[in-house]
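Computed from a predicted structure; not experimentally measured. Below, chains carry the letters A, B, ... as their sequence lines are ordered, and counting in each starts from 1.
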2 protein chains.
Amino acid sequence: MGASKTHMFSLTQNELAQVAKVLAHPARIAILEYISRQENCICNDLVDVIGLAQPTISQHLNEIKKIGLLKGTFEGKNLCYCINEKRWEELQHSFHTFFTNINYNCC
Amino acid sequence: MGASKTHMFSLTQNELAQVAKVLAHPARIAILEYISRQENCICNDLVDVIGLAQPTISQHLNEIKKIGLLKGTFEGKNLCYCINEKRWEELQHSFHTFFTNINYNCC
DNA sequence: TAATATTATCGTAATATTGCAATATAATTT
DNA sequence: AAATTATATTGCAATATTACGATAATATTA
């Protein structure tokens, strides 16, 4: 025991939970907010700004990348991580739908 | 090591992450969806519907309760968990703000 | 009050996450 | 090519989560 029984739930439920999991760490919230404020993002900046070690930042970035929220392009010498606008809006829509489809006609 | 360094992040970042953490499990998504569809909710129903053991359901409900998303009232003999409408809308607003405040002028 | 039904807590095992030092890889510059 | 810089991977220790059986607590009914 100890493992989530994902097979018991619908694809939609699992997908929303998976995305929420990525947002479920303040460092990743901070990383996303920081990237969105920059014209360019270099991972090394994040180490200074966020204040966690470089491997830790790299791992967090990887989690964010896994759900398609980042696109990276090489620009000159540095790798540049950017918000994947299309995916971002998709996830925004998922959360919006989840929050909107609730009704309160109980109690 | 191993513990999240929450003190390094802002209150807003920590709060959003905390809420996301509650949504980061498909069982809790399923529980919230189910409660919202019912006129009345009895925990014992959830055990059948979700398919996890009663103590597990109880624990999940507790996580959801911790962030103020449920209000419970006694109605006849059974405890009735309901969505806390006000809190729900608060969280909806938090996520909406987070998703909206991002800009994409990078890359 | 005793029996029944419902929900919560405890204890524990399995699994997952977090964080970093050490190291490896990749790209750029000298 | 060697040195430098930036990012990724590995390995490991600490902590957190998930799940459930056993049991306790609470409320309802007979």
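- Of the possible polar contacts, one joining the A:T97 side chain to the A:H93 backbone as a donor-acceptor pair under 3.5 Å is found.
- Per the geometry, CD belonging to B:Q59 stands 14 Å off C1' belonging to D:dA22, to the nearest Å.
- Between the NZ atom of B:K66 and the P atom of D:dT17 there is a distance of 8 Å, rounded to whole Å.
- Considering only side-chain atoms of A:R28, the nucleotide from C:dT18, C:dA21, C:dT15 that sits closest is C:dT18.
- Listed candidates were C:dT18, C:dT9, D:dT9. Nearest to the side chain of B:S58 is C:dT9.
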Next item on the list: Would you sort out whether A:I50 and B:M8 count as a side-chain contact (heavy atoms from CB on, under 4.5 Å), showing the intermediate values?
Entry: CA-CA 8 Å; A:I50 308 292; B:M8 304 181 78; over 6 Å; no
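- Remark: D:dA30 base-pairs with C:dT1. Criterion, Watson-Crick or G-U wobble with two distances under 3.5 Å.
- Screening A:L70, A:D45, A:L69, A:I64 for a side-chain contact (heavy atoms from CB on, under 4.5 Å) with A:I35, the sole residue that qualifies is A:L70.
- Interface remark: the A:Q54 side chain does form a donor-acceptor pair with the D:dA8 base, using a distance-only criterion of under 3.5 Å.
- For B:K65, a side-chain nitrogen or oxygen approaches OP1 or OP2 of C:dA8 to under 4.0 Å.
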Check: Please walk me through it: do B:L52 and B:V47 pass side-chain contact (heavy atoms from CB on, under 4.5 Å)?
Finding: CA-CA 6 Å; B:L52 295 171; B:V47 173; over 6 Å; no
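- In this structure, CD1 of A:I57 is placed 15 Å from P of D:dT9, rounded to the nearest angstrom.
- Interface residues of residues 17-27 of chain A facing DNA chain C, ordered by number: A:K21, A:H25; criterion, heavy-atom separation under 4.0 Å.
- Screening B:L16, B:T12, B:N14 for a side-chain contact (heavy atoms from CB on, under 4.5 Å) involving A:P26 leaves a single residue, B:N14.
- Under the 30°/60° scheme for interplanar angles, the aromatic rings of A:F99 and B:F95 are found to be tilted.
- Spacing between atom CD1 of A:I50 and atom P of D:dT7 amounts to 14 Å, rounded to whole angstrom units.
- An OP1 or OP2 oxygen of C:dC20 is reached within less than 4.0 angstrom by a side-chain nitrogen or oxygen of A:T56.
- Between B:L23 and B:L32 the shortest side-chain heavy-atom distance falls below 4.5 Å.
- The phosphate of C:dG19 (OP1 or OP2) has a side-chain N or O of A:H60 nearer than 4.0 angstrom.
- Across the protein-nucleic acid pair, A:E63 atom CD and C:dG19 atom P stand 11 Å apart, rounded to whole Å.
- Taking atom CD1 of B:I29 as the reference point, atom P of D:dT18 lies 12 Å away to the nearest angstrom.
- Between B:N62 atom CG and C:dT9 atom P the separation is 6 Å, expressed in whole Å.
- With rounding to whole Å, B:K5 atom NZ is found 17 Å from D:dA16 atom C1'.
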